[in-house]
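Here is the structure we will look at, set down as structure tokens.
Within every chain, numbering begins at 1; the chains are lettered A, B, ... in the order of the sequence lines, protein sequences first and strands thereafter. Since we're looking at a predicted model, the values are computed, not measured.
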2 protein chains.
Amino acid sequence: MDPRDLLPMGEITRRSGFAASAIRYYEAEGLIEADRSSGGQRRFERNVLRRLAFIRAASNVGLTIGEIRDELSRLPDNRTPTKADWHRISRHWRQRLDDQIAALERLKSGLDGCIGCGCLSLRSCAFSNPGDVLDQRGPGAGLLPDTLRRPHPTRR
Amino acid sequence: MDPRDLLPMGEITRRSGFAASAIRYYEAEGLIEADRSSGGQRRFERNVLRRLAFIRAASNVGLTIGEIRDELSRLPDNRTPTKADWHRISRHWRQRLDDQIAALERLKSGLDGCIGCGCLSLRSCAFSNPGDVLDQRGPGAGLLPDTLRRPHPTRR
DNA sequence: CCTTGAACTCAAGTTCACTTCAACTTGAAC
DNA sequence: GTTCAAGTTGAAGTGAACTTGAGTTCAAGG
């Protein structure tokens, strides 16, 4: 491939909006690939910009780096996603967003139910939902899906 | 106050569902208070259970510890929230939840708009939204409110 | 050749909300 | 008086997703 078609780091950061450190991180994590110049500097193929756009979109939807890697690994490396690829993926993402929205709606209606009573009772109020009323999967269990649970450290 | 009315740690963890370490953390952070036994063990007033229910609810809504501290500091210490307190607060929380829901809806319709085109274009696709199209407040700027932005480390 | 900005590496730091650990001390029951 | 579950402290660790810093090298223009 003609080396003039390869983009240096500066170009990538400018055009993708990611910091150089993030780009290097994504490479280290295997989300993107980079060639090297004779002197060891990164030279990116143009399709990396597409992958980065995909990464940003996925991360907006709330996917973790690991999940993004999985999705990307299902796209043959040098192919831009076909309509079929994109359709499958976007259905998946849409479902996630729907789940998150539904969870927030549930939370809101719990809240609405509490406005009248001012209770916040430990035993009966589903909104504040302590450990002995519902199960023990962590704060918010039963009301929030994993994707919205504030990522608690070392959740066993 | 009659010391028999004070609850030991075990009682609090059992009835609130929080781990002892979390309780101690909340005390250190100034979200709750504790008396001490002659030997130095924590003894909690009953209203602490209410505060803990409040903390769990707030954290379900996505408030940070700092924000929760602020809300709590507006409740006079030894008073359980009045209807007016609770009304004010729940209106605030409701607004947050509405914002979050709206943001996810926007994201979803961006996604829907992309399904047909399969584009994910860096220049024109609002969904993948790179830095040079919208502003630079961080990944997802313009689409996600701060409350849903995946908390990035060291966000300057 | 010289300068200068862009890029490199590797280790360590950051934030949040806790948890875990090690090494004690308390306190209620028997 | 002994036992032992329950409680204490302070320091360090956790995970995610990067960022920061120090010190070094590259590459393009003049």
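For the pair A/I23 CD1 and D/dA17 C1', the computed distance is 14 Å after rounding to whole Å. Between A/R69 atom CZ and D/dA16 atom P there is a gap of 11 Å when expressed in whole angstrom units. Distance A/R24 CZ to C/dA6 P: 13 Å, rounded to the nearest Å. Rounded to a whole Å, the OH atom of B/Y25 is 14 Å from the C1' atom of D/dT14. Spacing between atom CZ of A/F18 and atom P of D/dT19 amounts to 10 Å, rounded to whole angstrom units. Note: CD (B/E29) to C1' (C/dT15) measures 12 Å, nearest angstrom. For B/E67 and C/dT15, the CD to P distance is 17 Å, given to the nearest whole Å. The CD1 atom of B/I55 sits 12 Å away from the C1' atom of C/dA17 (whole-angstrom rounding).
Of the charged side-chain nitrogens involved, at least one lies within less than 4.0 Å of a carboxylate oxygen, so that B/R96 and B/E67 count as a salt-bridged pair.
In this structure, the nucleotide among C/dT19, C/dC8, D/dT20 sitting nearest to the side chain of A/S21 is D/dT20. With distances taken from any side-chain atom of A/P8 to the nucleotides D/dC18, C/dA7, C/dT19, the minimum falls on C/dA7. Considering only the side chain of B/I65, C/dA17 comes nearest among C/dA17, D/dA17, C/dA7. For B/R42, the side-chain atoms get nearest to D/dT9 when compared with the rest of C/dT19, D/dT9, C/dC8.
When the side-chain nitrogen and oxygen atoms of A/Y26 are compared with OP1 and OP2 of D/dC18, one or more of them lie within a distance under 4.0 Å. In this structure, B/R36 reaches the D/dT9 phosphate: one of its side-chain N or O atoms is under 4.0 Å from OP1 or OP2.
With sequence neighbours left out, A/D98 forms a salt bridge (charged side-chain N to carboxylate O under 4.0 Å, His left out) with A/R94, B/K108. With sequence neighbours excluded, the residues that form a side-chain contact (heavy atoms from CB on, under 4.5 Å) with B/E11 are B/L7, B/P8, B/R14, B/R15. Among residues two or more places apart in sequence or in another chain, the side-chain contact (heavy atoms from CB on, under 4.5 Å) test is passed with B/S37 by B/Q41, B/R43. Listed by chain and residue number, A/M9, A/R24, A/E27, A/A34, A/R36, A/F44 satisfy the side-chain contact (heavy atoms from CB on, under 4.5 Å) test with A/R42 (two or more places apart in sequence, or in another chain).
Using a distance-only test at 3.5 Å, with no hydrogens or angles considered, no donor-acceptor pair links the side chain of A/R91 to the main chain of A/W86. Judged purely by atom type and a 3.5 angstrom limit, B/R74 has no side-chain atom pairing as donor or acceptor with the backbone of B/R69.
Counting only residues at least two apart or in different chains, ring pair (Phe, Tyr, Trp, His ring centres under 6.0 Å) contacts with residues 22-43 of chain A comprise A/F18-A/Y26.
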If you restrict it to nitrogen or oxygen atoms, what contacts under 3.5 Å exist between nucleotides 26-30 of chain C and the protein, and what is each distance?
| from | atom 1 | to | atom 2 | distance (Å) |
| --- | --- | --- | --- | --- |
| C/dT26 | O4' | B/Q41 | NE2 | 3.3 |
| C/dG27 | OP1 | B/S37 | OG | 2.6 |
| C/dG27 | OP1 | B/G39 | N | 3.2 |

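Here the straight-line distance linking atom CD1 of B/I12 with atom CD1 of B/I32 works out to 7.5 Å at 0.5 Å rounding.
For the helix from C/dC1-D/dG30 to C/dC30-D/dG1, the rotation axes defined at the first and last 5 base pairs enclose an angle of 20°, given to the nearest 10°.
B/V61 approaches B/Q100 most closely through the heavy-atom pair O-NE2, 3.5 Å.
Residue contacts for A/A19: at a heavy-atom cut-off of 4.0 Å it reaches the sugar-phosphate backbone alone, with no base atom in range.
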